[in-house]
Amino acid sequence: MAEAPEKLFPGKTFVSTVLEAADTKAEMSRSITQVYLMRAAMAGILIGIFYLANYTIIAGFVAVDPELRTIGKLVGAVVFGFALAFIYFTRSELLTSNMMIATIAVYHRRMRVRRASALLALCLLGNALGGLLIALLVAGSSMIDGATGELVTQAVEHKLDYVTSGSSGMLDLFVRAILCNLLINLAMLLVYNGLVKADGVKVLAMNVAVMLFAFLGYEHSVANTVLFTIQGFHGGIDIWLALANVGIALVGNFVGGGLLIGWYYAYANDPERTQRALLREARLVTREAARAGSGTEGR
């Protein structure tokens, strides 16, 4: 007896939910572009606020005792982890999770590659504009004066070192970017798959994913864009190195979220593809049986 489709393809609910979200995002970006851009900007604002909170917390622990830096990193990462939950529940638009959504939509022909690329580009623009607003506000304040600003500068220098270290450094950055968005979209998989009902569990999943990438030093293209913009107004930055870092992180994030989660789960939960494969196999078996029968008759 054939297994029920929901048992063979348990991720169908996830895919269908993502496709509905993709349709909404595509229509919004096309018909009310300004509103979509505003939603994307809010995601950039939230990333900026929570990322600065992360460094402020680390600075606070270091001020008490430099040996508490690791604990400060952990606590700061936990606080930063709530950024994704705020973005999700405010219905803001974050590029890295949209990479997964757009890829699944392209796989199922709900969106053309050009349309998906335009959607992601618009989302990146909005995220960057939100980060720019935070950077301008921070520049007019004393929020990153002192230890917090020093930590931001050190973090930026470390991120730019990936680019200046040559191929090995850029490969390191690329791998860290892959793992970063793999984690983020694993969390979004839990949010969209229909199995997790409680909002508290969704928040926990999103928090753990972001906390891990922040604590382990993985690379997020939008977070880096916002951080580099803040540093640009604070103490200056090498624009070309920053752009190179963001470019490599973007590709790595797309591999981690778009391909390893989006394409992977779209392919694994595509009953039509499996049905076509089974039909081809059945035809092949039928032809081979027919050839064997004709050969027997000939003898």
Side-chain angles (χ1 to χ4, degrees), residues 43-44 46-48 50-55 57-58 69-70 72-84 87 94-100 102-103 120 123-124 127-128 131 151-190 205-232 237-264:
L46 291 169
I47 288 289
F50 279 90
Y51 215 12
L52 285 178
N54 168 60
Y55 288 110
I57 289 169
I58 297 172
R69 183 186 181 98
T70 301
K73 279 186 62 179
L74 179 60
V75 176
V78 170
V79 172
F80 180 49
F82 285 104
L84 186 58
I87 289 168
L94 182 62
L95 174 68
T96 44
S97 53
N98 279 344
M99 287 176 174
M100 172 196 70
T103 302
L120 295 179
C123 189
L124 175 59
N127 291 166
L151 283 175
V152 168
T153 300
Q154 291 171 12
V156 168
E157 289 175 350
H158 177 69
K159 291 175 182 294
L160 298 185
D161 282 345
Y162 287 123
V163 180
T164 58
S165 297
S167 58
S168 62
M170 288 185 278
L171 177 60
D172 191 3
L173 170 62
F174 180 65
V175 171
R176 288 171 183 268
I178 292 174
L179 294 174
C180 173
N181 213 23
L182 178 71
L183 281 172
I184 289 174
N185 284 287
L186 277 173
M188 299 314 297
L189 168 63
L190 296 180
M206 290 185 277
N207 181 280
V208 169
V210 177
M211 179 271 289
L212 283 174
F213 101 63
F215 185 71
L216 295 174
Y218 296 160
E219 295 293 315
H220 189 280
S221 54
V222 174
N224 285 2
T225 299
V226 175
L227 190 67
F228 293 161
T229 307
I230 291 171
Q231 176 64 21
I237 191 171
D238 188 313
I239 295 177
W240 295 111
L241 288 180
L243 287 174
N245 175 287
V246 171
I248 295 169
L250 280 169
V251 177
N253 287 166
F254 181 77
V255 172
L259 300 183
L260 294 184
I261 300 296
W263 196 270
Y264 177 94

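Residue numbers start at 1 and run along the sequence shown.
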Rounded to the nearest 0.5 Å, the CZ atom of F228 sits from the CG atom of D238 at a distance of 10.5 Å

Spacing of M211 atom CE and L216 atom CG [to the nearest 0.5 Å] = 8.5 Å

Kindly compute the distance separating CE (M99) from CG (L94), expressed to the nearest 0.5 Å.
-> 9.0 Å

Can you establish whether the number of heavy atoms outside F174 located under 6.0 Å from its atom CZ is more than 12?
-> yes

For the residue pair F80 and F213, categorise the inter-ring angle as parallel (less than 30°), tilted (30 to 60°) or perpendicular (more than 60°).
-> perpendicular

CG of N127 to CG of L95, rounded to nearest 0.5 Å, is 6.0 Å

side-chain contact (heavy atoms from CB on, under 4.5 Å) test vs L212 passes for just one of I184, L186, L183, namely L183

Exam field: side chain N54 to backbone V79, donor-acceptor pair closer than 3.5 Å = no

Can N185 and S97 be said to form a side chain to side chain contact (heavy atoms under 4.5 Å, CB included), step by step?
-> CA-CA 6 Å; N185 284 287; S97 53; 4.0 Å; yes

Just wondering, more than 12 heavy atoms not from F82 lying within 6.0 Å of its CZ?
-> no

At what distance, to the nearest 0.5 angstrom, does CD of Q231 lie from CD of E157?
-> 7.5 Å

With S221 as reference, evaluate N245, T96, N253 under the side chain to side chain donor-acceptor pair (under 3.5 Å) test and give the passing residue.
-> N253

Would N207 and V78 satisfy side chain to side chain contact (heavy atoms under 4.5 Å, CB included), going step by step from the backbone distance to the final call?
-> CA-CA 7 Å; N207 181 280; V78 170; 4.3 Å; yes

Matching residue for I237 among L160, L227, T229, I230 - test: side-chain contact (heavy atoms from CB on, under 4.5 Å) = L160

Given side chain to side chain contact (heavy atoms under 4.5 Å, CB included), test L151 with R69 step by step and report yes or no.
-> CA-CA 11 Å; L151 283 175; R69 183 186 181 98; 3.5 Å; yes

